[in-house]
Participant: 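Here it is, the structure in full.
In what follows, every chain begins at residue 1, and chains take the letters A, B, ... in the order their sequences are listed.
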Protein chains: 2
Amino acid sequence: MIVRIDFNSDEAFYIQLCNQIIFGIANAEFREGDNLPSVRELAEDIGINMHTVNKAYTILKQEGYVKLDRRKGTVIAINADKMKAIEELTDDMKVILAKAICKNISCEEIHEIVNKIFYDFLSMDSE
Amino acid sequence: MIVRIDFNSDEAFYIQLCNQIIFGIANAEFREGDNLPSVRELAEDIGINMHTVNKAYTILKQEGYVKLDRRKGTVIAINADKMKAIEELTDDMKVILAKAICKNISCEEIHEIVNKIFYDFLSMDSE
DNA sequence: TTATCTGTTATACTGAATATATAACAAATA
DNA sequence: TATTTGTTATATATTCAGTATAACAGATAA
């Protein structure tokens, strides 16, 4: 998987990194048990500091996307605490749906967008 | 409308303030033309600095939720650039849906959550 | 055993963002 | 005229983001 950092983005590098790896898991470029590059290797590849990569990995671990395997390094391991995931999803969703309502976007339009994003992620699954 | 700041949150005060005002517009506590408290008054009320409130108002203005009325101060005024709103919504939605897919939340479950949030916002409309 | 690789931790530094404080300005209002 | 509006200018303290160098323990491969 190719990870790219947008150095002009206002989003922190470690957040960009977390999100891209989460995208990679969602579209099955990364699967359970796959190992991520080492913090030093990935840092070298994308041109950022080792500690910034380490910070991203630490957050992914805390949030249940990866775990440490002493033999393989950092590997994909989903801890699907669905209750907690739904709570966080709902909180995040409230903010963006409030914005959508303000901007006169309908419930039906939201559903269409959700369907399209879901389809895009899952259709990459089989490639 | 009662605005509260969570001083223990890791979210910046000005972000909390923006989101709460957006919530207020979404559930029709604030309507087109209503005026917000002055930056000094609101700052005094919720116990934060005037410039932090001003920062929130400035962002709300840039993002098309309020405008300046020299007679009434800052008033609710939605600039519904729907194209732009949908683009931003889609970007934000991708991140949270990727997380949802990782945590085995189904497309149907997402739709249910969207419906519930929409219903909650719009049912406050008539109160 | 030795050398290397893994994540991790400690320390230190720079720059940017956040939040506060005091002060002043022009335009509008009472 | 005095007050209120948003706005702008400084200044300061704190935290966050990112980098840099270094070291550590556990696992692995020579």
Side-chain angles (χ1 to χ4, degrees), chain A residues 1 3-22 25 30 33-79 95, chain B residues 1 3-21 30 33-79 95:
Chain A
M1 183 196 180
V3 175
R4 281 197 206 88
I5 296 295
D6 179 359
F7 291 93
N8 297 318
S9 170
D10 56 346
E11 234 175 5
F13 297 168
Y14 76 96
I15 301 281
Q16 291 186 47
L17 197 44
C18 282
N19 285 344
Q20 292 209 22
I21 291 167
I22 289 169
I25 301 173
F30 286 130
D34 285 359
N35 64 308
L36 295 175
S38 79
V39 289
R40 290 170 179 84
E41 188 185 348
L42 184 52
E44 178 70 22
D45 275 7
I46 61 185
I48 64 175
N49 190 271
M50 185 200 78
H51 293 95
T52 306
V53 177
N54 188 247
K55 187 172 184 175
Y57 280 16
T58 301
I59 290 171
L60 289 171
K61 208 176 304 166
Q62 286 169 347
E63 297 187 352
Y65 295 96
V66 303
K67 68 176 182 184
L68 179 60
D69 183 315
R70 263 298 174 193
R71 289 168 300 181
K72 298 165 82 177
T74 301
V75 303
I76 306 296
I78 300 298
N79 171 17
V95 178
Chain B
M1 183 195 180
V3 175
R4 282 199 205 86
I5 296 295
D6 179 357
F7 291 93
N8 297 317
S9 170
D10 56 346
E11 235 175 3
F13 297 167
Y14 77 96
I15 301 280
Q16 291 186 48
L17 197 44
C18 283
N19 286 344
Q20 293 208 23
I21 290 167
F30 286 131
D34 285 357
N35 64 308
L36 295 176
S38 79
V39 289
R40 290 172 180 83
E41 188 186 348
L42 184 52
E44 180 68 23
D45 274 7
I46 60 183
I48 64 174
N49 191 270
M50 185 199 79
H51 293 95
T52 307
V53 177
N54 188 247
K55 187 171 183 177
Y57 280 16
T58 302
I59 290 171
L60 289 171
K61 209 176 303 165
Q62 287 170 347
E63 298 187 351
Y65 295 96
V66 302
K67 69 175 182 185
L68 178 61
D69 183 314
R70 261 299 173 192
R71 290 168 301 180
K72 297 165 80 178
T74 301
V75 302
I76 306 296
I78 300 299
N79 171 16
V95 177

Participant: Base, sugar-phosphate or nothing for B/Lys72? Non-hydrogen atoms, less than 4.0 Å.
Facilitator: nothing
Participant: Would you check if A/Phe30 and A/Leu36 make a side-chain contact, meaning some heavy-atom pair closer than 4.5 Å?
Facilitator: yes
Participant: Establish, with yes or no, whether the OP1 or OP2 oxygen of D/dT19 is under 4.0 angstrom from a side-chain nitrogen or oxygen of A/Thr52.
Facilitator: yes
Participant: Report the residue (A/His51 or A/Ala12) whose heavy-atom-nearest nucleotide on DNA chain D is the more 5′ of the two.
Facilitator: A/Ala12
Participant: Looking at every strand, decide which applies to A/Asn54 at a 4.0 Å heavy-atom threshold: base, sugar-phosphate, or nothing.
Facilitator: base
Participant: Does a side-chain N or O from A/Lys55 land closer than 4.0 Å to OP1 or OP2 of D/dG18, or not?
Facilitator: no
Participant: Using heavy atoms to find the nearest nucleotide of DNA chain D for A/Arg40 and A/Ile15 separately, return the residue whose nucleotide is more 5′.
Facilitator: A/Ile15
Participant: Determine: side-chain N/O of B/Ser38 to OP1/OP2 of D/dT5, distance under 4.0 Å, yes or no.
Facilitator: yes
Participant: Which value, rounded to the nearest 0.5 Å, describes the distance between A/Thr52 atom OG1 and A/Ile15 atom CD1?
Facilitator: 11.5 Å
Participant: Can you confirm whether more than 12 heavy atoms, excluding those of B/Glu11, are under 6.0 Å from its CD atom?
Facilitator: yes
Participant: Is B/Lys67 touching bases, backbone alone, or none of the nucleic acid, heavy atoms closer than 4.0 Å?
Facilitator: nothing
Participant: Below the 4.0 Å mark, does C/dG7 have OP1 or OP2 next to a side-chain nitrogen or oxygen of A/Thr74?
Facilitator: yes
Participant: Could you check how far CD of B/Gln16 sits from C1' of C/dA17, rounded to whole Å?
Facilitator: 16 Å
Participant: So, is A/Tyr57 close to the C/dG7 phosphate, meaning a side-chain N or O under 4.0 Å from OP1 or OP2?
Facilitator: no
